[in-house]
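Bear in mind that the values here come from a model prediction, so they are computed numbers and not experimental data. The figures here come from the full heavy-atom set of this structure, side chains too, leaving out hydrogens, waters and symmetry mates.
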Amino acid sequence: VAINGFYDTNAELIIRTYRSAIERLVEHKCRNLIAACLGCGYGRCTSDEFMKSVVALVAEPIGSIDTFTFATTNTDLAATI
């Protein structure tokens with residue numbers, strides 16, 4: 001999943017995109033979330049860059065989320081997460 005039409009991807013774009021979506025979902029009382037690993041396909045984001053995003057999201061939780069699952073078909077990325 002690419003972040004934008006130019007396939008530009010970095011940890012900050014990924015964090016902002018997830019945070020925006022999470023804030024909206026929390027407003028609607030969603031507590032169990034699943035999302036594609038943004039930027040890790042056509043977006044050409046490395047596993048290390050994606051993990052920077054995950055660490056930042058976990059460090060500053062938003063609302064009362066019980067679970068957040070990242071979905072990917074990339075076996076290397078799945079092992080990293």
Could you measure the distance from the CG atom of Asp48 to the OG atom of Ser53? Nearest 0.5 Å is fine.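 If we round to the nearest 0.5 Å, Asp48:CG and Ser53:OG are 11.0 Å apart.
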Could you measure the distance from the CZ atom of Arg19 to the CD1 atom of Ile62? Nearest 0.5 Å is fine.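 Output value for this atom pair is 4.5 Å.
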Compile the donor-acceptor pairs under 3.5 Å between side chains in residues 24-36 and protein atoms, sequence neighbours left out, one pair per line.
{"residue": "Arg31", "atom": "NE", "partner": "Asp66", "partner atom": "OD2", "Å": "3.1"}
{"residue": "Arg31", "atom": "NH2", "partner": "Asp66", "partner atom": "OD1", "Å": "2.9"}
{"residue": "Asn32", "atom": "OD1", "partner": "Thr67", "partner atom": "OG1", "Å": "2.8"}

If I compare all heavy atoms of Leu38 with all of Phe50, which pair ends up nearest, and what's the gap?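 Nearest pair, atom of Leu38 first, then Phe50: O-CD1, 3.6 Å.
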Tell me, which pairs form a side chain to side chain donor-acceptor pair (under 3.5 Å) where one or both residues lie in residues 70-81, sequence neighbours left out?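 Sorted result for residues 70-81: empty, none.
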Give a yes or no on whether the backbone of Arg16 and the side-chain of Ser20 come within a donor-acceptor separation of less than 3.5 Å.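 Such a contact is absent between Ser20 side chain and Arg16 backbone.
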Report yes or no: do Val55 and Ile65 belong to one cluster of Ile/Leu/Val/Met/Phe/Trp/Tyr joined by side chain heavy-atom distances under 4.5 Å?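 No, Val55 does not connect to Ile65 through the hydrophobic network.
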Non-hydrogen side-chain atoms of Tyr18 and Val54 separated by less than 4.5 Å: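 A side-chain contact is absent here, since even the closest heavy-atom pair is not under 4.5 Å.
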Quick one: are Ile81 and Cys37 in side-chain contact, heavy atoms under 4.5 Å?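 Counting from C-beta outward, Ile81 and Cys37 do come under 4.5 Å.
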Residues forming a salt bridge (charged side-chain N to carboxylate O under 4.0 Å, His left out) with Glu49, sequence neighbours excluded: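 Listed in chain order: Lys52.
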